[in-house]
Structure formats: C-alpha cells, structure tokens
Amino acid sequence: MRKEDTVKLISAEGFEFVVHKDAAMVSQTIRNMLTSPVVGSFAETQHGEVTFPEISTTILEKICKYFYWNLQFGKETEFHIEPELTLDLLGHCPFCHWMFEDKIVA
C-alpha cells in the first residue's frame with residue numbers, strides 16, 4: 001500500500017493504526033477531515049493523520065475493524081460488538097453512531 005492510500009489513526013495512548021483510506025472514509029467525520037475543500041482547514045488533510053485523544057486503543061481497534069468489515073460486507077451481515085465494548089463505543093465515540101445502525105449484534 002502506498003502512503004498516500006493510507007490514513008494513520010492515533011489513539012489516546014498514542015497507538016497508531018495505519019488503515020486504507022477507503023476504509024477510513026466509512027466515517028463521514030474522518031472523510032470530512034481528510035477531504036476538506038478549504039486548503040489548510042484541517043491539519044489531518046495535510047498529514048493524513050487523525051488523532052483521537054478521547055478514544056482508547058481498544059475502542060479505536062474495534063472501529064478500524066468495523067471500517068474494513070463495512071467495506072467487505074456493507075450492511076448485509078451483522079457486525080459483532082462485544083457487550084463490554086458497547087458502552088465505551090457509544091460514550092467515547094460520538095462520531096460512531098453509524099456503527100449501531102440496523103444489523104449490529106451486541
């Protein structure tokens with residue numbers, strides 16, 4: 001994968017997840033940060049990195065898994081979320097509301 005095809009998502013603990021840009025674009029929030037039409041409006045646009053100071057490594061890992069699952073399956077199948085992660089995903093990740101639509105199994 002070429003660097004320009006990837007995005008680095010950084011957790012609160014500083015762990016870096018390098019994901020394909022198409023996967024990250026599943027999130028409208030991340031898409032807006034990375035494709036802002038106003039030059040220089042988001043540092044993320046320039047560096048291809050998004051830091052989430054409020055999201056733990058465990059939660060960000062689950063989010064990244066969801067991105068790839070969504071690319072592969074769309075909404076055709078259920079995405080499993082462990083019950084112990086559900087509240088953290090809802091509480092610490094307000095931009096992840098789309099993860100809880102339709103066919104999510106907790």
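Every value quoted in this text rests on a predicted model; they were computed, and no experiment measured them.
Note that CZ of Phe52 is 9.5 Å distant from CD1 of Ile10, once rounded to the nearest 0.5 Å. The distance from atom NE2 of His20 to atom CZ of Arg2, rounded to the nearest 0.5 Å, is 8.5 Å. Interatomic distance, Ile81 CD1 to Ile59 CD1, rounded to the nearest 0.5 Å: 9.0 Å. From Leu9, atom CG reaches atom CD of Glu61 across 12.5 Å, with rounding to the nearest 0.5 Å.
Legend: residues meeting salt bridge (Lys or Arg N to Asp or Glu O under 4.0 Å) with Glu13, ordered by chain and number and at least two apart, are absent. Listed by chain and number, the residues in a ring-ring contact (aromatic ring centres under 6.0 Å, His included) with Tyr68 amount to none (sequence neighbours excluded). Among residues two or more places apart in sequence or in another chain, the salt bridge (Lys or Arg N to Asp or Glu O under 4.0 Å) test is passed with Asp22 by none.
Shortest non-hydrogen contact noted between Ser56 and Ser11 is C-CB, 3.9 Å. Nearest heavy-atom pair, Val19 versus Cys64, reported as atom, atom and distance to 0.1 Å: CG1-SG, 3.8 Å. Between His80 and Lys62, the shortest heavy-atom contact is O-NZ, 2.9 Å. In terms of heavy atoms, Thr57 sits closest to Phe17 at O-CZ, 3.7 Å. Minimum interatomic distance between Pro53 and Ala12 (heavy atoms only, all atoms of both residues): O-CB, 3.2 Å. The nearest pair of heavy atoms linking Ile55 to Leu60 is CG2-N, 3.7 Å.
A tilted orientation is assigned to the rings of Trp69 and Phe79, their planes being inclined by 30° to 60°.
Lys21 places none of its side-chain heavy atoms less than 4.5 Å from the side chain of Asp5.
Under the 4.5 Å side-chain heavy-atom criterion for ILVMFWY residues, no single connected hydrophobic cluster contains both Ile63 and Val18.
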